[in-house]
Amino acid sequence: MVDLKQNVQYVKSVGPTKASLLNNLNIYTLSDLLTYFPREYEDRSKIKNIADVITGEEVTIQARVISEVNITRIRKNMVIIKTVIEDDTGRCTVTWFNQTYIKQRIKRGETYRFFGKINKVINHLEMNSPIFEELGKEKNTGKIMPIYPSTYKLSQTAIRQAVENALLMVKGEEIETLPEYILKSYNLEDLQKSLQEIHFPSNIENRLSARKRLVFEELLVMQLALLELKGKTEDYEGIKFSKDVKMSDVINSLPFKLTKAQLKVLEEIDNDMESNKPMNRLLQGDVGSGKTVVSIISAYKAVKSGFQVAIMAPTAILATQHFEEFKKILEPFNIKCELILGATKPKQKLEITEKLANGEIDVLIGTHSLLTENVIFKNLGLVVTDEQHRFGVRQRETITSKGNHPDVLVMTATPIPRTLALILYGDLDISIIDELPPNRKKIETYAVTKRMEERVNNFIRKNIEEGRQVYVVCPLVEEKEDEEEQESLKEEKINERVNLKSIEQKGQENFEGVGQLEIEEMKIEAFKQKADLKAVKEWTEIYQKQIFPDLRVACVYGKMKPKEKEEVMEKFKNGEIDILISTTVIEVGVNVPNASVMVVENADRFGLAQLHQLRGRVGRGEYQSYCILKYSSQASQVAKERMKIMQETNDGFVIAEKDLELRGTGEFFGTKQHGLPEFKIANLFVDMPMLKSVQSVALKIEAEDRGLKQEKNQKLRKLVDEKLKQSISL
Ligand code: ADP
Ligand code: MG
């Protein structure tokens, strides 16, 4: 039997070098390779007559070479190779650049297949740099060709070849993952055929039924896993917090009136907390809708009922900010709050963990460092996680296991449509804050191109002169794929490895008990931080030296020491910096009410959800705020559509709907940006109807066989176990 978990390097044509490139694409095993699905397809299957081709289209033609292959040197480093081909219906000139070997490969009088883009020049047709093949030896024409997502330094051909060989390895093997009865009842193609047809479709219908099956499986497994998680927590006896502790005591002490939405959500939480079922609630609300104060009030209830509270935030900056807000509101009630970060000194950490263990600390706020083994609560009753992306299910399990089935509140600023939320967060009950605190001014949003640069800069200056501050966000600088850069890249790669090594060591020292998962995340972080540093440096140079030499420009980037980072943030908060430059590696949600302008460089490179999050950094105070999206006039149509939507609405839920819609058109941003689950093949917009029907299938299976114990469901059991084991969130 073939081992699907075997290292991808053993697939024919791969080997160690290509394997490490595949690793960059998260392909480690044979199975990963088989499920690395094409992003799109190029239809080279139909052969067209020269007379029928249309300018601009990519076509396959079959034609005879009727002239000698002609080589002309037009300048240093530039050679043109030309010939003329003909079929029964017409003629076409074919041109290549610099590929002089072609002269040896093409013979006058012979017939070949050519695939490429057609140009019409005055009265004759041209094809530039086509792929060509001898008749009878076609590999790359006459078929529907898969195009794989971003392949770094791997060519499409290399990936295709690897996938083809991988498919050969499993041919005839028993690899089916779904039970027979499911395949039959829902009329699904078997896995063998589906994999074959999704990579190398014999026709469009077959590709569609392959896709249907693969999407079905992916969604079904997610749904079953979520149901299982939900069922698990419901089985336990939870904490009953005291009915005598009144949330209204804190609510009345606040300097503002809560919105109706906040009050409603608090009522739901209050009910959960007083019931004996463990709370497992998702609190959704747009940036600035006031989620933090909801968690503070919930923490009050827990502490005054005699329990401790853990608040976990994704970044040190956010954790620190929460800490300040918690202290402000809860200290007057004699509640002791404390902060623990990765950067907290060992001595201080020890002090904190001691106080935590003997109950002197009521509320502990922190980052991932809350997960470490030596963080032990005396009596943990409530866990709040503030998530940009969902923390992994396992991470949440780690933190909740520090108590005896504590209540859990998950906060997220990713607004997703309710119907979708119900399905995707099937393991959680859902509360939504769908209203902003009163008197918030709409953030004026302008999408501008290069032509407006000067006006934008004047606008920035004007705001700063009025005493305001400005954020500038730039996208990460991506690695170039240029051949010339290969050498310098090689060197960087080596440095990178060294870096990763040290991170791994650090991971083991500082994060004892945190495990492989966090180390993996830190590695990804390290890659990102390199791109982050480069981008921030470049833009800071431009803003400080070229545009605003007289203003106070500063930057933050991921690689900075936490202390330096905090210093800069502190200065920005105190108004000692006019313009703050960062990428998104430095996270959103920071509260600086005096900052009223957000400039996003290369805004067309961001997804809608992310732009919306970024915009939420301004408009937090009394001042009219602005968001300026700089985009390239050459941006894609969809990117321009995103700019338009951002100008039209401030409503996160509307934006979320539009986002899904646009993504349905094939635009794809890593789902990490959205905090939505990552899918290999499913698309939440296109596959919404499928998602709904799969959900009812999952409910039916669970009703019939809770825990998937029956013989016929053993294949599902295996899939769900694998899913639950994965580090990434569901
Ligand atoms: P979120 O976490 O949902 O993005 P925050 O909790 O950070 O939002 O709230 C943003 C700001 O609004 C904070 O300064 C908070 O004190 C304030 N705030 C929260 N609720 C209200 C309210 N009902 N009225 C006025 N201001 C509020
Ligand atoms: Mg918040």
Side-chain angles (χ1 to χ4, degrees), residues 247-248 250-269 281-300 309 311-315 317-332 337 363 365 384-391 409-416 421 430-443 469 471 569 572-573 584 586-596 598 609-623 625 627 650-653 655-656 675:
M247 287 184 169
S248 54
V250 206
I251 296 175
N252 292 330
S253 81
L254 296 171
F256 45 75
K257 253 181 81 189
L258 292 184
T259 60
K260 270 207 214 83
Q262 284 170 316
L263 287 170
K264 181 166 163 280
V265 162
L266 277 167
E267 196 181 314
E268 290 165 345
I269 294 174
R281 188 167 283 281
L282 175 76
L283 174 54
Q284 245 197 34
D286 214 338
V287 264
S289 62
K291 295 182 293 294
T292 312
V293 72
V294 167
S295 69
I296 294 174
I297 297 163
S298 315
Y300 169 85
V309 179
I311 316 283
M312 188 155 81
T315 64
I317 291 174
L318 276 179
T320 311
Q321 193 175 298
H322 281 332
F323 174 57
E324 275 155 21
E325 285 175 53
F326 270 75
K327 259 202 316 202
K328 205 163 64 196
I329 297 175
L330 294 181
E331 260 177 6
C337 304
V363 180
I365 298 154
V384 180
T385 59
D386 185 2
E387 313 188 357
Q388 271 143 34
H389 329 299
R390 299 184 72 185
F391 280 112
L409 182 64
V410 177
M411 302 198 292
T412 168
T414 307
I416 44 176
I430 296 176
S431 292
I432 298 183
I433 305 185
D434 52 6
E435 174 187 10
L436 292 181
N439 305 327
R440 287 275 164 83
K441 293 199 182 76
K442 182 173 178 285
I443 301 165
Q469 290 161 283
Y471 289 106
M569 290 311 297
F572 191 63
K573 262 191 179 174
T584 50
I586 296 291
E587 277 309 343
V588 292
V590 183
N591 215 355
V592 182
N594 191 49
S596 67
M598 159 68 57
Q610 201 174 21
L611 288 174
H612 179 66
Q613 291 284 328
L614 289 172
R615 180 166 61 182
R617 287 195 202 175
V618 294
R620 291 176 165 251
E622 60 199 280
Y623 309 105
S625 295
C627 174
N650 267 264
D651 183 331
F653 287 95
I655 289 174

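On a predicted model such as this, the values are computed, not experimentally measured, just so you know. Atoms within a ligand are numbered from 1 in the order they appear, just like the ligands themselves.
With ligand atoms numbered from 1 in the order given, ligand 1 contributes 3 (O) to contacts under 4.0 Å with heavy atoms of Asp286. Residue Thr292 approaches ligand 1 through these ligand atoms, each under 4.0 Å from one of its heavy atoms: 2 (O), 5 (P), 6 (O), 7 (O). Heavy-atom contacts of Leu258 reach the following atoms of ligand 1: 23 (N) (cutoff under 4.0 Å). For ligand 1, the atoms closer than 4.0 angstrom to any heavy atom of Lys257 are 22 (C), 23 (N), 24 (N). Annotation for ligand 1: atoms under 4.0 Å from non-hydrogen atoms of Thr259 are 23 (N).
Take Glu622 and apply the side-chain contact (heavy atoms from CB on, under 4.5 Å) test, not counting sequence neighbours, and it matches no residue. Take Phe572 and apply the ring pair (Phe, Tyr, Trp, His ring centres under 6.0 Å) test, not counting sequence neighbours, and it matches Tyr471.
Remark: ligand 1 and Pro438 share no N or O pair separated by less than 3.5 Å (distance only, no angle test). Taking any N or O of Gly290, backbone or side chain, at least one lies under 3.5 Å from an N or O belonging to ligand 1. By the 3.5 Å distance cut-off applied to N or O atoms, Glu325 is not counted among the residues near ligand 1.
Residues Thr292 and His322 share a closest heavy-atom pair of CG2-ND1, 3.4 Å.
Taking 4.5 Å as the limit, some side-chain heavy atom of Leu258 sits within range of a side-chain heavy atom of Ile297.
Ion pairing of Lys264 with Glu435 is absent here, as no side-chain N (NZ or NE/NH1/NH2) approaches a carboxylate O to less than 4.0 Å.
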